[in-house]
Novice: 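The structure follows.
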Amino acid sequence: MNPLSLFREQVQALARAGVDSAEADTRAIFEATLSEPMYMWPREIEPDDVWEIEAMIARRASREPLQHVLGKMWFYGLELGAGPGVFCVRPETEVLAKWAIDAIGSQPAAVLDLCTGSGALALAVAANTRGADVVALEKSQEACAAARANAESLGLKVPVIQGDALIFNPQWEAKFDLVVSNPPYVPPRQLAPELDFDPPQALWGGGDDGLDFVRGLVPLIYRYLKPGGRFGMEHDDTQGEAIREIARDAGFANVSTISDLNERPRFVVAQKPLGECR
Ligand SMILES: C[S@@+](CC[C@H](N)C(=O)[O-])C[C@H]1O[C@@H](n2cnc3c(N)ncnc32)[C@H](O)[C@@H]1O
């Protein structure tokens, strides 16, 4: 079968299913199956490949995320495994990774990633800094296994600890130079069908504003940081003001908001005051 006519058919199938990124997703599925970029596709596609492409398109048409269909995802230039039970890291989280990497620079630094999921943030920081010693924490057993597998396949030494981020760990008191987190923070609202495939505990932050989890987490982060240490956390674009207040109430200084690439306020960053003990 001619690849371009099959390609056009499959783009239409995804568009009919309401997938906004129909063309890009179809192309990714073709390229993964044929192991070649579009300009290298053969004149004819083998029947087995046609069957595989159609099966993957059908999964995507049922609104399964592209990352699950491909079994992989990319974050900050790293290839990570993807599948059911583990949150699919979103491209906008790269802004938080960049903030952390720039904040650390080439200095030695103890870094903690709370609610690490696939390990994306922790691994991006470890892969792109020289002196960072990164530890990751995650509650879900499936996500811990995925994060450990990702660390291993990338050859990065990032211990992934299974635990509840809302329970204070006294061994971490004043131990970290930087804490990052993309915790559950989604407020109650209707979500795109793809989000049905993310584990619910990765999404919902609790309470009317989605910030119950964050309210529990931020004071613990304050205690984990050394004086002068910094923290950065992702949030919903409706939560900027409330989360800055949560950070100030916990004792943080230099509290500000960073926007994502679409100019939406999505990340709070702050610093534990130098020389202050609470
Ligand atoms: C929004 S996802 C983010 C995952 C990852 N940081 C990322 O950016 O792709 C939130 C993660 O928090 C984890 N989580 C939920 N409750 C937790 C808790 N009490 N302690 C630790 N991790 C938790 C979920 O399992 C999920 O992996």
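Every number for a ligand or one of its atoms is a count from 1 in the order of the listing. Values below: every heavy atom of this structure, side chains too, minus hydrogens, waters and symmetry copies.
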Novice: Which bit of T116 is near ligand 1, meaning a heavy atom under 4.0 Å away: side chain, backbone, both or neither?
Specialist: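 The answer is the backbone.
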
Novice: Which residue and non-hydrogen atom of the protein lie closest to atom 7 (C) of ligand 1, and at what distance in Å?
Specialist: N182 ND2, 3.6 Å

Novice: Among R230, K226, K272, exactly one meets salt bridge (Lys or Arg N to Asp or Glu O under 4.0 Å) together with D177. Which residue is that?
Specialist: K226

Novice: Tell me if the aromatic rings of W41 and F30 count as close, with their centers under 6.0 Å from one another.
Specialist: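 Yes, the ring of W41 comes within the 6.0 Å limit of the ring of F30, centre to centre.
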
Novice: Please report which non-hydrogen protein atom sits nearest to atom 19 (N) of ligand 1, along with the residue it belongs to and the distance in Å to one decimal place.
Specialist: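 Here the closest protein heavy atom is D164 OD1, 2.8 Å.
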
Novice: Can a non-hydrogen atom of P199 be found less than 4.0 Å from any atom of ligand 1?
Specialist: no

Novice: Knowing that exactly one of I246, V268, N182, V214 qualifies, which makes a side chain to side chain contact (heavy atoms under 4.5 Å, CB included) with H235?
Specialist: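 The single option meeting the side chain to side chain contact (heavy atoms under 4.5 Å, CB included) with H235 is V268.
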
Novice: To the nearest 0.5 Å, how far apart are CZ in R60 and OG1 in T26?
Specialist: 9.5 Å

Novice: Under 4.0 angstrom from ligand 1, any heavy atom of G119?
Specialist: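 False for this residue.
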
Novice: What residue and atom, counting heavy atoms only, is the protein's closest point to atom 22 (N) of ligand 1, and at what distance?
Specialist: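 Minimum-distance protein heavy atom for atom 22 (N) of ligand 1 reads K139 N, 3.2 Å.
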
Novice: Could you tell me the residue and atom name of the protein heavy atom closest to atom 16 (N) of ligand 1, and the distance to it rounded to 0.1 Å?
Specialist: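 Looking only at protein heavy atoms, the one closest to atom 16 (N) of ligand 1 is F213 CE1, 3.5 Å.
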
Novice: So which protein heavy atom does atom 20 (N) of ligand 1 come closest to, and at what separation?
Specialist: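 Here the closest protein heavy atom is A165 N, 2.8 Å.
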
Novice: How far is atom 6 (N) of ligand 1 from the closest protein heavy atom, and which atom is that?
Specialist: C115 O, 2.8 Å

Novice: Quickly, which of R189, R266, R264 forms a side-chain hydrogen bond (donor to acceptor under 3.5 Å, both in side chains) with D236? Name it, please.
Specialist: R189

Novice: Cluster question for you: counting only ILVMFWY and a side-chain heavy-atom cut-off of under 4.5 Å, with indirect links fine, are L123 and W99 together?
Specialist: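 They do share one cluster, since a chain of ILVMFWY contacts under 4.5 Å joins L123 to W99.
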
Novice: Quick one: name the residues clustered hydrophobically with I167, using the 4.5 Å side-chain heavy-atom rule over I, L, V, M, F, W, Y, and just say none if it's on its own.
Specialist: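 When side chains under 4.5 Å apart are linked, I167 ends up in no cluster with other residues.
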
Novice: Would you kindly specify which portion of Y185 sits under 4.0 Å from ligand 1, judged on non-hydrogen atoms: side chain, backbone, both or neither?
Specialist: neither

Novice: Please indicate whether any nitrogen or oxygen in S140 is less than 3.5 Å from any nitrogen or oxygen in ligand 1.
Specialist: no

Novice: Have a look at E138, R90, Q201 and point out the one with the heavy atom closest to atom 25 (O) of ligand 1.
Specialist: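 Checking each option, the heavy atom nearest atom 25 (O) of ligand 1 is found in E138.
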
Novice: I need the nearest protein heavy-atom contact for atom 1 (C) of ligand 1: residue, atom name and distance, please.
Specialist: A202 O, 3.0 Å

Novice: Under 4.0 Å from a heavy atom of G163: which atoms of ligand 1 are those, numbered in the order shown and with their elements?
Specialist: 20 (N), 21 (C)

Novice: Is the ring centre of F252 less than 6.0 Å from the ring centre of Y222?
Specialist: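 That pair passes the under 6.0 Å test.
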
Novice: Going by heavy atoms in the side chains, are F75 and S118 under 4.5 Å from each other?
Specialist: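 Result no, sub-4.5 Å side-chain heavy-atom pair not found.
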
